[in-house]
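Data block below; observations after.
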Amino acid sequence: MFGDGRFVATPETEPFPERHVRPATEAETATIAAALAGTLDVGTMLHAPAVPARLHPAGFARHTFMCGQSGSGKTYTTGAVLERLLVATTLPIVVLDPNSDHVQLGRLRDPGDDSPAARRHREAATGVRVVRARGADSDHLLCLDLSDLPLVAQALLLRLDPVHDLDEYSALRRVTASLAVPYSVADVRSAAAADPATARLATRIDNLGIAAWELWRRGDERSAAELDMTAGRCFVIDLGSLNSPGERAAVALGLLGRLWMLRRRRLPMLLVVDEAHNILPSATADPLSSSTADLGVLIAGEGRKFGLHLFVATQRPGKVHPNVVSQCDNLLLMRMNGSTDIEELAHLFSHVPPAMLHRATTFGLGQALFAGPIAPTPLLARVGTRVSPEGGADVPTDWAHPAADTGVLTYPHEGPESS
């Protein structure tokens, strides 16, 4: 084999039908991997543990879909990939984090670790910023003004339809146009209540209880909308620190909308949407979530040419909007039990051999299939060790073990006596 990866016949080569097929040795696997693989080390080859599994970093310029059932190591693997991207590239990253799983990405699991990987991560992690709600340790406060949302989003927040709620929608338009920016929900409510023609809008705000949300900015606090997400190295938006689904949906919609408005700056960015079924659902009755999903579809379809690259992670392909998944070229697949899900992935990612996809039903913890521009030759790999603390681990099942002083309680085998 030449250094450029091409294979050539030699005098010792016999016709293939006359040769026996056997698994490649680790040395042979290493030779092939060195010619075909990239530079982003994510772990080791599944069947050749001494051979590094490497991805092509430039492949993340295409959208990536990550899928793995609960308990497969999906959160751990997402963090491992983000660690490698932080260290090995200069790609800015924004993480929408519904379960607060990645808020420790900028820290070391062992502060005393002085290994080369830890030193590189420590240096890169100085650019990680965590944005969280009040009461949580953070670099920036996760709060908004109502005026940070466009009028359409404000109307969705108030459950107003421009056709079915003509009068109240018009009242919202008039009231907000009369207020100086920035303005709050309380400002809109007070202005609406002061005029009998718009008083119903104030009653709607009271009935929905939106003004009581912890999300809204207070006093001299700085709105998260003022943060330039394209200026930092990595922003982790801790949606899980917010109290209600409505608040999380409002932030997700506002942030995606802001990034889309800034798209013409054409600054590359990896937009990580973890637990994407909570943000870009395939179906929902909530108007805010539906609008967020529609915006996600727009970014998936047109964002790449503006430098917006998606990394979408979820448990099952059918839980995320199909028009988001269908725009992904990269696949990162972890353990899956459902054959129906595997068949759906085989249809969506036809460039991956179906037999490799079906291997996902046998994967152990932390084992994964990488395919697409990040791995033009699909890789079966075991994800390597992280240096930052893991988030998303399952709650311990100590309750399943008997107490120390009880031992094993044996019950009689006989059933109930007959009468």
Side-chain angles (χ1 to χ4, degrees), residues 62-68 74 78 93-99 101-102 142 144 148-164 208 210 213 215 224-225 229 235 237-240 242 244-263 269-332 341 344-345 347-349:
R62 313 290 293 197
H63 301 320
T64 301
F65 181 69
M66 180 183 189
C67 193
K74 178 166 53 67
T78 301
I93 301 170
V94 172
V95 184
L96 292 183
D97 190 4
N99 288 341
D101 289 331
H102 304 291
L142 183 53
L144 295 175
D148 293 328
L149 301 175
L151 182 67
V152 172
Q154 295 179 33
L156 291 173
L157 196 64
L158 296 174
R159 304 296 193 268
L160 290 174
D161 183 274
V163 175
H164 295 99
L208 291 173
I210 293 173
W213 282 2
L215 171 66
M229 298 299 176
F235 284 91
I237 312 301
D238 183 13
L239 300 178
L242 295 168
S244 69
E247 291 173 276
R248 294 190 284 272
V251 170
L253 179 59
L255 176 63
L256 291 180
R258 180 171 175 78
L259 292 177
W260 183 246
M261 287 177 60
L262 297 173
R263 67 190 183 279
M269 174 183 294
L270 183 68
L271 179 56
V272 180
V273 186
D274 199 16
E275 303 296 343
H277 47 277
N278 294 318
I279 299 173
L280 307 173
S282 57
T284 178
D286 177 64
L288 270 179
S289 295
S290 179
S291 184
T292 305
D294 290 342
L295 187 52
V297 170
L298 183 62
I299 293 174
E302 303 182 27
R304 193 178 64 82
K305 63 186 176 185
F306 297 108
L308 294 175
H309 313 306
L310 288 173
F311 184 110
V312 178
T314 189
Q315 298 167 357
R316 300 183 59 191
K319 297 179 72 172
V320 176
H321 199 293
N323 290 336
V324 172
V325 182
S326 65
Q327 293 296 325
C328 294
D329 295 307
N330 294 315
L331 175 64
L332 202 173
D341 292 333
E344 183 175 355
L345 290 169
H347 174 72
L348 291 168
F349 298 93

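Just so it is clear, the structure is predicted and the values come from calculations on it, not from any experiment. Nothing fancy with the numbering, it's 1 onward along the sequence.
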- [ ] With the side chain counted from C-beta on, respond yes when R258 and L262 share a heavy-atom pair under 4.5 Å apart, and no when they do not.
- [x] yes

- [ ] Please examine the side chains of L242 and L215, heavy atoms only from C-beta on, and report whether any two atoms are closer than 4.5 Å.
- [x] yes

Task: Step-by-step side-chain contact (heavy atoms from CB on, under 4.5 Å) determination, L271 to L308 - done: CA-CA 7 Å; L271 179 56; L308 294 175; 5.7 Å; no

If you take all heavy atoms of [X] and [Y], which pair is closest and at what distance?
X    : Y    : value
L331 : L345 : CD1-CD2, 4.3 Å
I279 : A252 : CG2-CB, 4.0 Å
N323 : A300 : O-CB, 4.2 Å
E344 : P317 : OE1-CG, 3.9 Å
L280 : G296 : CD2-CA, 3.8 Å
N330 : F349 : O-CE2, 3.6 Å

Open item on the list: According to salt bridge (charged side-chain N to carboxylate O under 4.0 Å, His left out), does anything in residues 273-301 pair up with another residue at least two apart or in another chain? List the pairs.
Closed with: K74-E275, R159-D286

Task: Check: D97 side chain, H102 main-chain N or O, donor-acceptor pair, under 3.5 Å - done: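 Yes, because the side chain of D97 sits within donor-acceptor range (under 3.5 Å) of the backbone of H102.
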
Task: N/O donor-acceptor pair under 3.5 Å between R248 side chain and P98 backbone - done: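 No: the side chain of R248 does not pair with the backbone of P98.
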
- [ ] If the plane angle is over 60° it's perpendicular, under 30° parallel, otherwise tilted; pick one for W260 and F306.
- [x] perpendicular

TODO: Kindly write out the residues that satisfy salt bridge (charged side-chain N to carboxylate O under 4.0 Å, His left out) with D238, not counting sequence neighbours, or none if the list is empty.
DONE: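 Once residues adjacent in sequence are excluded, the partners of D238 under the salt bridge (charged side-chain N to carboxylate O under 4.0 Å, His left out) criterion are R132.
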
Open item on the list: Evaluate V312 against H63 for side-chain contact (heavy atoms from CB on, under 4.5 Å), listing each step before the verdict.
Closed with: CA-CA 8 Å; V312 178; H63 301 320; over 6 Å; no

